[in-house]
Each structure stands twice: as C-alpha cells, then as structure tokens.
Amino acid sequence: MVEHTKLKTDENTPAGVIGQMVLPFAHTPRFRAADFVFAASNAAARSWLLGSTPWPERRLALWGAAGTGKTHLLEIWAHRHGARLLHGASLSHAHVAALFPACGARVPLMAIALDSADECADERALLHLINAAREHGMVLLLGARTPPARWAVALPDLASRLRATMAVAISQPGDGLLRVLLLRLLAERQIVVAQPVVEWLLRRLPRTALAMQEAANRLDHAALASGRPVTRALAARVLADLLPAEPPLVPSEQKNDGLRVS
C-alpha cells in the first residue's frame, strides 16, 4: 500500500495538534470501464447492459444492494451509448420536459440512464420520463436498490409501467470480489494497512459490499486523525459495531502478531 498522503497544514501548527485537523475531503469513486471487476455476481447484469440483446420496450431496470456496482455499470453503459445520466432524487417534471424537444423536432438524445430511480419523489416526472422515452424510441436504463415492481407508488399508470419493466439483479459479491473491493477501496484512499490486518478484516467484516465501503471510509478518517498507519487495534476500535466481539490478545500475541508499525 502507498503511504497515506499527509494533509497540508499551517507551518505554525503546534506539534501534537495535527492529528486532530481532519478536513472533510470527500472520496470520489472512479467509474472507468477498466476498473470494473467481472464476477459471477454481476454476470447477468453485464450480459444485459454490455451485450447486444435488445431490451423489451427498450427499457431495463438494474437493481441490487448498495455498493454492488450498479452505478459503475450505469456509468459504463451511459458512456458507451452517449446517454444522459440523471439521478432520481433530483428528477422533476420540468427537468424531464427539457430533455425532449417540441413536437416533430428531431431527438438527438437516444439513451437515458436514471440512477437511484427508486428515490424519485416526483412520480409524475418519472411517469413522464418513461412515456416520453418510449414515444421517442429512446433506450431507458433505471438503477435502484429494489426491483421496480416493489416500489411503493401511488399513480396507477406508473405502477403499471414499472411492473412491465424488465428487471435484472446484481448480487452481493463473493469472497474473491469482496477481497478485490476492499483492497481497491484502501488503495484509492492511500491507506496503509498491513496484510495481516487486511486478512483479519476480511474474515470478520460482514459479507457485503456496503460493509467494505463503510470500513474503508472509517479507516480513512481514523488514519487521517491519527497520522499513522492502520493497526488491528485501531480497526477494532473504529469498526466495533461492524465486527463480532473477540477475546483480547495476550501480551505474547501482541508482540508477534506482525501488526504493529515501529
């Protein structure tokens, strides 16, 4: 692992205070096609999004738990098809209307991807988007955490459209992909973690992509605050609610566990 990048601080900062000066720099995930890891958990989704099979009604919903790679696949698909990428939480009727020209005008946009479609509070906007995309022959990709047929919607027409939308799931990653995911998350954040600590985390963290993301975020913040590499003791403290309880190490084990950094 690359040594963690130091924060820039004022030269007059007193010694011992630097570890408390943690600035809220947000980590920006990378969604390049080369960074996507092929695995059995996303095979069906890849087949439908990256293959050549046409979608029924030219509409498809990709659903799965947080952290499983939905947004990554949506970004790859949108880039390949020149699609406009939207977010459900900010979708409005006026926003949808602006995407489509006046009657009879040519539509240069041929594909739309709506991430977090299940977070759309404006049901009429979502219905308008689905209807307009179908009317103009556009391809529409929806991303969500649950299949559209399960969304709690009040508009009967929208519920009907959602039930008619083909849905493909992206599953929780297996152990091999979880390992790759955790290592990548740590590397992207330039967090120093000894291999025995990584193995310890992989054995004990919940077997979900979201747990790996949460662990990497907390370890990143803790490493910045302490100004030191991540040790097993530090990880156990900041991830206490994610990890099962275990007996404390005896002194001889603490000396020989290979986790301390001199």
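Heavy-atom basis, side chains included; hydrogens, waters and symmetry copies ignored. Throughout, numbering of the chain's residues begins at 1 and tracks the sequence. Predicted model, so just to flag it, every value in this text is computed and none were measured.
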Are D115 and K70 ion-paired here, with the side-chain N under 4.0 Å from a carboxylate O?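 Between K70 and D115 there is no salt bridge, as every charged N stays at least 4.0 Å from the carboxylate O atoms.
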
Please determine if E199 and R179 form a salt bridge, counting it only when a charged side-chain N lies under 4.0 Å from a carboxylate O.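 A salt bridge is present here (some side-chain N lies under 4.0 Å from a carboxylate O).
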
Does [Y] offer a backbone N or O that forms a donor-acceptor pair with the side chain of [X] under 3.5 Å?
| X | Y | result |
| --- | --- | --- |
| H87 | A89 | yes |
| R163 | R150 | no |
| T231 | L234 | yes |
| R232 | L201 | no |
| S226 | A222 | yes |
| E119 | G88 | no |
| W151 | L162 | no |

Are L141 and M166 linked, directly or through intermediate hydrophobic residues, by side-chain heavy-atom contacts shorter than 4.5 Å (ILVMFWY only)?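 Shared cluster, yes.
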
Would L185 and L219 show up in the same hydrophobic cluster when neighbours are defined by side-chain heavy atoms closer than 4.5 Å? yes

Could you check M110 against V139 for side-chain contact (heavy atoms from CB on, under 4.5 Å), going step by step and ending with a plain yes or no? CA-CA 6 Å; M110 295 306 297; V139 181; over 6 Å; no

Please collect all ring pair (Phe, Tyr, Trp, His ring centres under 6.0 Å) contacts where either partner lies in residues 109-133, sequence neighbours excluded, each pair once. H93-H128

Closest approach of A209 to T68 (non-hydrogen atoms, all atoms of both residues):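 So the two residues come closest at CB-N, 4.0 Å.
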
Test of understanding: with salt bridge (charged side-chain N to carboxylate O under 4.0 Å, His left out), list the residues that count as partners of R218, not counting sequence neighbours. E214, D241

Side chain to side chain donor-acceptor pair (under 3.5 Å) pairs touching residues 42-57, sequence neighbours excluded, are N42-R46, E57-R134

Kindly compute the distance separating CG (L186) from CG (D220), expressed to the nearest 0.5 Å. 9.0 Å

